[in-house]
Amino acid sequence: MPPREAVKLQRILAEQVELRRIAEDFAVLGASDISYMKPVDRLVAVVLTFHWPSLEPLESVHAVSPIGFPYVPGLLSFREIPPLLMAYRLLKRAPDVFLCDGQGIAHPRRLGLASHLGLCLDIPTIGCAKSRLCGEHRPLELRRGNYAPLLLNDVQVGYVFCSRNGVKPIYISPGHLADLDSSRKLIERCLGRFRIPQPLRQAHLEATRIRKSLFAGSG
DNA sequence: GCGACAG
DNA sequence: ATCTTGTCGC
């Protein structure tokens, strides 16, 4: 799909996104990440699930596939969703809420990776990015737990959140079937001793581990 | 035209 | 995202 068409599709899909409070009594939390094999044209998509709220590991699945779309800021979902869905289908039990490594509605057309994936899976999704794509916010004092609204055209689309003292903040935004406060609160309950929420950190480590084991094997 | 720009 | 060594700090 040409980038031009992708943008048109985003505008249509963004209309379908629903923001609502996340139920507090769900049982399975999912999280995903992707690791790229630079020299070769392949990537590893990992999906992990955890019991909620204990965060005890449940399932771990992954898929390896060719990279089918270039990296274009604003069009990340078209590059990562296909492989993520491949891995997702391998799960025995579907998660009730899903964490994504990227933005939700904190996106130029309000359809970041988390929002797009949420529409595909029809489950609540939350975007948690390590850096900003768009939007502005007031200065944030870097004390763990502090946060500030992320605004886009004077409308709040997420939160800039400090997960560790003196460390660069993370960007939290609802994807689909989630709202601003539900998203921030859920991420807070996933924090461990690192900047990145535990489920996403685990997914990242697992994706990197698998990519390296694949390089050692064939190529 | 220039700067910004998830992973 | 990936490519990479040492290095500063809790």
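Just so it is clear: chains get the letters A, B, ... in the order the sequence lines come, proteins before strands, and each one is counted from 1. Atom set for the values below is all heavy atoms of this structure, side chains included, hydrogens, waters and symmetry mates excluded. Quantities reported herein were computed from a predicted structural model and do not represent experimental measurements.
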salt_bridge(A:E18, A:R20) N-O dist < 4.0 Å: yes
Min side-chain heavy-atom separation A:L99-A:L29 under 4.5 Å: yes
Could you tell me the separation between the [atom1] atom of [X] and the [atom2] atom of [N], rounded to a whole number of Å?
X: A:I67; N: C:dA1; atom1: CD1; atom2: C1'; answer: 9 Å
X: A:I34; N: C:dT2; atom1: CD1; atom2: P; answer: 11 Å
X: A:F194; N: C:dC10; atom1: CZ; atom2: C1'; answer: 13 Å
X: A:L84; N: B:dG7; atom1: CG; atom2: C1'; answer: 11 Å
X: A:I172; N: B:dA6; atom1: CD1; atom2: P; answer: 18 Å
X: A:F78; N: B:dA6; atom1: CZ; atom2: C1'; answer: 14 Å
X: A:D101; N: B:dA6; atom1: CG; atom2: C1'; answer: 8 Å
X: A:L75; N: B:dA4; atom1: CG; atom2: C1'; answer: 15 Å

Aromatic ring pairing A:H116/A:F78, orientation class (parallel under 30°, perpendicular over 60°, tilted between): perpendicular
Geometric class of the A:Y159/A:Y147 ring pair [parallel <30°, tilted 30-60°, perpendicular >60°]: perpendicular
Sugar-phosphate, base or nothing in reach of A:G74, heavy atoms under 4.0 Å: base
Touch class at under 4.0 angstrom, heavy-atom based, for A:H116 against every strand present: nothing
A:S35 side-chain N/O to C:dT2 phosphate OP1/OP2 under 4.0 Å: yes
Side-chain N,O (A:S77) to OP1/OP2 (B:dA6) below 4.0 Å: no
Would you mind telling me which of [options] lies closest to the side-chain atoms of [X]?
X: A:K130; options: C:dT2, C:dA1, B:dC5; value: C:dA1
X: A:R79; options: B:dA6, B:dA4, B:dG7; value: B:dG7
X: A:R211; options: B:dA6, C:dA1, C:dC3; value: C:dC3
X: A:R132; options: B:dA4, C:dT2, B:dG7; value: B:dA4

Base of B:dG7 and ring of A:Y71 stacked, centres under 5.5 Å, planes under 30°: yes
Step-by-step side chain to side chain contact (heavy atoms under 4.5 Å, CB included) determination, A:S32 to A:D101: CA-CA 7 Å; A:S32 65; A:D101 182 23; 5.9 Å; no
